[in-house]
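Step one of this worksheet: look at the structure below.
In what follows, every heavy atom counts, from backbone to side chain, and hydrogens, waters and symmetry copies are set aside. Since the structure is predicted, the reported quantities are computational estimates derived from the model, not experimental observations. Letters A, B, ... mirror the listed sequences (proteins, then strands); counts begin at 1.
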Protein chains: 2
Amino acid sequence: MTATLSDVAARAGVSISAVSRVLANAPSARVRPETRERIEQAAQELGYRPNYAGRALKLARSRVLALVVPDVTNAIFSELMRGVEDAAIDHDHVVLLGRSEDMQPGGSMITKLVGERRVDGVLLQLRDEASRADAAALLRDTEQQGGRSAVVFINSLQDRRAGSVSLPDEEAAAVATRALIDLGHTAIGYLGGLPTAFTAQDRQDGFRRVMAEAGAPVRSSWMTDLGYTADQGRRALRRIWSRGRRPTAVVVANLNAAIGVLAEARSLGIAVPSELSVVALHDAWTAEHTAPALSTVRMPLYELGRAAVEQLISELDQSARRRRRRNLVITDPRPELIMRDSTAVPRGGAVPTSDPEGRTR
Amino acid sequence: MTATLSDVAARAGVSISAVSRVLANAPSARVRPETRERIEQAAQELGYRPNYAGRALKLARSRVLALVVPDVTNAIFSELMRGVEDAAIDHDHVVLLGRSEDMQPGGSMITKLVGERRVDGVLLQLRDEASRADAAALLRDTEQQGGRSAVVFINSLQDRRAGSVSLPDEEAAAVATRALIDLGHTAIGYLGGLPTAFTAQDRQDGFRRVMAEAGAPVRSSWMTDLGYTADQGRRALRRIWSRGRRPTAVVVANLNAAIGVLAEARSLGIAVPSELSVVALHDAWTAEHTAPALSTVRMPLYELGRAAVEQLISELDQSARRRRRRNLVITDPRPELIMRDSTAVPRGGAVPTSDPEGRTR
DNA sequence: TTGAAAGCGCTAACAT
DNA sequence: ATGTTAGCGCTTTCAA
């Protein structure tokens, strides 16, 4: 049987409040060293472990966070989750994983979790198909909890009613595009996310900015907004390949979509990279084993996860009134270009346009 | 603010125990329909939600399960997790996700979770590198909790001190091997899991059985046991390719390893499937986008997840003494062959050896 | 420096 | 058919 505070108290010959104070290591615990000793000894011998149900009931804090993402098994999230878990552990919290699909109309799983006080707050990455209205509804629901809970959006909404953490999407897309430009490409396509995706606009902006800076034309027939999945990537490539002039390179706004692009290129008989270079946003182990291995831009997902937790817990620690809801963009470390084998100089030959010192590094 | 039982009671003009009984829908709740009506109405109006900390404290049951797997973002686990979540929800439980790496020596995360009663039980898939000793230590730790918690092993240990659920590994490997045989291959290699992996032996047995049945020779120079990751798959192919005679096909005991095999085949200049056919165990979306698309054997992961939860909760519902710890193998649905483009008749031409009615379907 | 006691929200045994 | 009450394990005021 698990020992309780009163077991420890009995064994140490003190009151349970003394034990509680000592073990909580409260600064207010002015205890005789000797007593502290006895208590710690007893706790040790009994293998005392605090019971979190008791604690949660008393403190009205479960020390559980929910992490809700569109697709748990997306390799891209690996780092995110590690960041979240590590930060949660640092703060003696624990994390519950959910799928955003379960966030359906009406009795959303999240509302339930929060309403039953099973979790103190939620880290939420909305599905790309989610509407602002969904988000608003959720926000309203959780606000009803008397501000005792909070939600932090990950890579989704930026809104003053909630905290958020996001990736430097604009910059990452810029880095990818710049890499292609530096190789000598100017005929570059862009395969982006769904128009409803929260990251879609920024990434496209980054692409456009660098193209403009380089004086390269942006052709709308080389731009798609079909989505971040492999199948959507396939469709996107098929589409731009079917319309007249063709680009010598594409930046694909998502790694999984790029995996689809590579697969489709193969069935279309397009040689990568000699005929078409491809760079993807996001990196994961899968990128090393595609054919050819994908050049990518690595994003600070681990740090994003950590930051999300810090933000959430800090909100939770503030009273609902004076809560500081920050909208953070994680820029440390910066997006990093990882050159593999899916990129090369364009067929005509390299025409280095910009700085030879290589700011692509 | 969240309403409590006594808020509801006050509003309905009854005692809190009446409310508790009605809302718990206890069979013993012999209540006047009229009272029930009033109570339900009040609960409705107040938006009452049970507080799980209170419930957990009283019942000594958190209704939280931990799911601990080696790698959360492995696409293979997608279905497993869906199964686990769905079943958990059916039983009004919630699931916490952990990584087996955190199960390190000494203060394993699992022991902590269980000791603090944050979870009632754990679904555990051991890492392939985990030793029987690790498992035993963990078992001992959780048993100390006075048998109030339980662990169910997933695809790992089979032991009478704990329940377990497993995949039909032998059969799946047999199905994969049979597919190759039916195509006319007899020179077949086998790229397996680490010798310490709990599934390694069964899968290899399945391979050997079908080879024996077909009268095909098993050559040890075509067998490896390097592991289930992509990199390990690459190494495995390199190894068997470097030793004299070469097989015309391989069964790879894991999808991710097979992704590595394909990548390595490419850099070795081996044509798949014309020169080498490959079939992998396990299926996931990634298999559709490899080059060429991978032929696989799909396993009942969703059902495995569900079964694991059912087993765990059923153990939890029994008193520690008379607990039935079952070791289940999930065979419904059976392993299913999914033919894609990584398999073909061997170069020499097809020599259909066995039943033309096609038992590979 | 230490202890007594109240109370967080809930369930269930017992009383009415 | 419904109400009263004790108590799950914990933290924290208040008193000594």
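Note on A/Ser20: a side-chain N or O is less than 4.0 Å away from OP1 or OP2 of D/dT11. Between D/dT2 and B/Thr35, a contact under 4.0 Å exists linking OP1 or OP2 to a side-chain N or O.
Nucleotide C/dT2 holds its C1' atom 13 Å from the CZ atom of A/Arg36, rounded to whole Å. In this structure, the CD1 atom of B/Ile39 is 13 Å from the P atom of D/dA1, given to the nearest Å. Summarising the geometry, the separation between CD on A/Glu37 and P on C/dT1 is reported as 16 Å, rounded to the nearest angstrom. Note: CG (A/Asp7) to C1' (D/dC8) measures 13 Å, nearest angstrom. Rounded to whole Å, atom P of C/dC10 lies 9 Å from atom CG of B/Leu23.
Contact annotation: side chain of A/Ser17 to base of C/dA5, donor-acceptor pair absent below 3.5 Å.
Salt bridge status for B/Glu79 with B/Arg82: present, with a side-chain N to carboxylate O gap under 4.0 Å. We find that A/Glu303 and A/Arg306 are not joined by a salt bridge, their nearest charged nitrogen and carboxylate oxygen being 4.0 Å or further apart.
Ranked by how close their nearest DNA chain D nucleotide is to the 5' end, B/Arg32 and A/Ala18 are led by B/Arg32.
Closest approach of B/Met109 and B/Arg99 over heavy atoms only: CE-O, 4.1 Å. Taking both residues in full, the closest heavy atoms of B/Val95 and A/Leu96 are given as O-CG, 3.4 Å, listed atom of the first, atom of the second, then distance. The nearest pair of heavy atoms linking A/Ile330 to A/Ala307 is CD1-CB, 3.5 Å. In this structure, A/Thr73 and B/Asn74 approach most closely via the heavy-atom pair CG2-O, 3.9 Å.
Checked by atom type and distance alone, the side chain of B/Asp120 never pairs as donor or acceptor with a backbone atom of B/Leu65 at under 3.5 Å. Remark: side-chain polar atoms of B/Arg118 are not paired, donor with acceptor, to backbone N or O of A/Tyr52 under 3.5 angstrom.
Counting non-hydrogen atoms under 4.0 angstrom, B/Ser6 reaches nothing in the nucleic acid.
Comparing the helix axis at one end of the helix from C/dT1-D/dA16 to C/dT16-D/dA1 with that at the other, each defined from 5 consecutive pairs, gives an inter-axis angle of 50° (nearest 10°).
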Name the pairs: protein N/O against N/O of nucleotides 14-16 of chain C, kept only if under 3.5 Å.
none

Review item, nucleotides 6-9 of chain C N/O atoms under 3.5 Å of protein N/O:
| residue | atom | partner | partner atom | Å |
| --- | --- | --- | --- | --- |
| C/dG7 | N2 | A/Lys58 | NZ | 3.1 |
| C/dC8 | O2 | A/Lys58 | N | 3.4 |
| C/dG9 | N2 | B/Gly54 | O | 3.1 |

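Few gaps surround CZ on B/Arg61; more than 12 heavy atoms of other groups in view lie less than 6.0 Å from it. More than 12 heavy atoms of other residues, nucleotides or ligands lie within 6.0 Å of CD in A/Glu45, so this atom counts as buried by the packing criterion. The 12-atom threshold is exceeded at CZ of A/Arg325, counting heavy atoms of other residues, nucleotides or ligands nearer than 6.0 Å.
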